[in-house]
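Just so you know, these numbers use all the heavy atoms, side chains as well, and skip hydrogens, waters and symmetry mates. In listed order, ligands and their atoms are each counted from 1.
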Amino acid sequence: MRKKIVAGNWKMNMTLADGEALVEEIMNKSPELDDNKQVIFCTPFTHLMLIDDTITELSKPNFFLGAQNCNNNTSGAYTGEISISMLEEVGVDSVIIGHSERRQYYAESNEFLKSKVDALVENDLQVIFCCGESLEIREANTQNEFVAKQLEESLFHLDAAQMLNNVVIAYEPIWAIGTGKTATTAQAQEMHSYIRSLIAIKYNNEIAQEISILYGGSCNATNAKELFACEDVDGGLIGGAALKADTFLPIIEAMF
Ligand code: PEP
């Protein structure tokens with residue numbers, strides 16, 4: 001049975017004190033998560049160590065720590081970058097790769113993202129791989145081809161065991177990120193089901209059925225339940241609504 005996952009992407013937000021208080025409140029008020037559910041806090045790099053301590057101290061099962069990026073090299077002269085072993089040292093379990101903001105502002109190509117995916121899988125971390133189309137592509141009705149190319153060029157070189165053990169996919173239509181314009185449940189389900197069919201063709205149906213596919217893009221306390229009820233939507237990657245307990249907790253509850 002595939003996992004339901006809610007991951008909060010804090011982006012470049014939160015003081016240390018606010019981040020710690022947020023995690024404490026969420027973990028204290030959240031229902032117990034069984035092993036088929038995960039909540040992941042993807043914090044800025046500077047917050048990872050503190051939030052790892054907080055998660056460890058509160059000691060509730062199935063809450064995890066995530067980073068929002070990593071470098072693809074092991075170590076060396078890469079000023080301003082953070083390696084995967086550094087992330088592991090501070091307790092990171094998952095890393096978001098290919099977020100549209102990194103693709104757009106830092107020109108991260110499918111080929112470059114492939115090298116990050118490889119480095120993470122080699123180190124046995126969980127990859128939260130983001131894909132999704134712009135409004136222009138949606139309006140031209142070529143979103144399926146676009147998303148298929150992102151998956152083909154960055155992810156589908158992995159072997160079956162790597163896909164199964166290390167990969168979560170997040171479908172995030174760019175036109176829905178931070179805009180308040182959510183994909184309809186029909187649009188989300190259609191794309192998630194398409195992504196699952198691509199995995200079935202590339203690998204096999206068993207693997208396709210086991211991989212969690214999250215929806216991201218203005219998912220909030222009001223629409224999460226409906227989105228997560230779609231057959232192929234296995235949770236969410238949450239931006240704005242992950243920054244407050246009263247908006248993030250109902251999204252966690254929507255997994256139940
Ligand atoms: C995101 O950036 O991954 C995201 C989904 O943002 P928001 O929830 O704010 O649309």
Could you list which atoms of ligand 1 come closer than 4.0 Å to a heavy atom of [X]?
{"X": "G240", "result": "7 (P), 8 (O), 9 (O)"}
{"X": "K11", "result": "1 (C), 2 (O), 6 (O)"}
{"X": "L237", "result": "3 (O), 5 (C)"}
{"X": "H99", "result": "1 (C), 2 (O), 3 (O)"}
{"X": "G216", "result": "5 (C)"}
{"X": "A176", "result": "10 (O)"}
{"X": "S218", "result": "7 (P), 8 (O), 10 (O)"}
{"X": "G178", "result": "7 (P), 9 (O), 10 (O)"}

Is it the side chain, the backbone, both or neither of A170 that has a heavy atom closer than 4.0 Å to ligand 1?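 A170 to ligand 1: no contact under 4.0 Å from either part.
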Looking at [Y], is its backbone amide N or carbonyl O close enough to the side chain of [X] to form a donor-acceptor pair, meaning the two atoms are under 3.5 Å apart?
{"X": "S154", "Y": "L151", "answer": "no"}
{"X": "R2", "Y": "Q209", "answer": "yes"}
{"X": "N220", "Y": "T222", "answer": "yes"}
{"X": "R196", "Y": "D232", "answer": "yes"}
{"X": "D53", "Y": "L50", "answer": "no"}

Polar contacts were defined as any N/O atom of the residue lying under 3.5 Å from an N/O atom of the ligand; does this apply to [X] and ligand 1?
{"X": "G217", "value": "no"}
{"X": "A241", "value": "no"}
{"X": "C219", "value": "no"}
{"X": "T179", "value": "no"}

Tell me, which protein residue and heavy-atom name are nearest atom 3 (O) of ligand 1, and how many Å apart are they?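 Closest protein heavy atom to atom 3 (O) of ligand 1: E172 OE2, 2.7 Å.
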What is the closest protein heavy atom to atom 8 (O) of ligand 1, and at what distance does it sit? G239 N, 2.8 Å
Parallel, tilted or perpendicular: which describes the rings of Y171 and H192, with under 30° parallel and over 60° perpendicular? perpendicular
May I ask you to decide whether K37 forms a salt bridge with D234, counting only side-chain N to carboxylate O separations under 4.0 Å?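 Salt bridge absent between K37 and D234.
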Could you tell me whether K225 and E253 make a salt bridge, using a distance below 4.0 angstrom between a side-chain N and a carboxylate O? no
Side-chain contact, heavy-atom cut-off 4.5 Å: I97 with V117?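 Yes - at least one pair of side-chain heavy atoms lies under 4.5 Å apart.
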In the structure I gave you, are the side-chain heavy atoms of L214 and I169 within less than 4.5 Å of one another anywhere? no
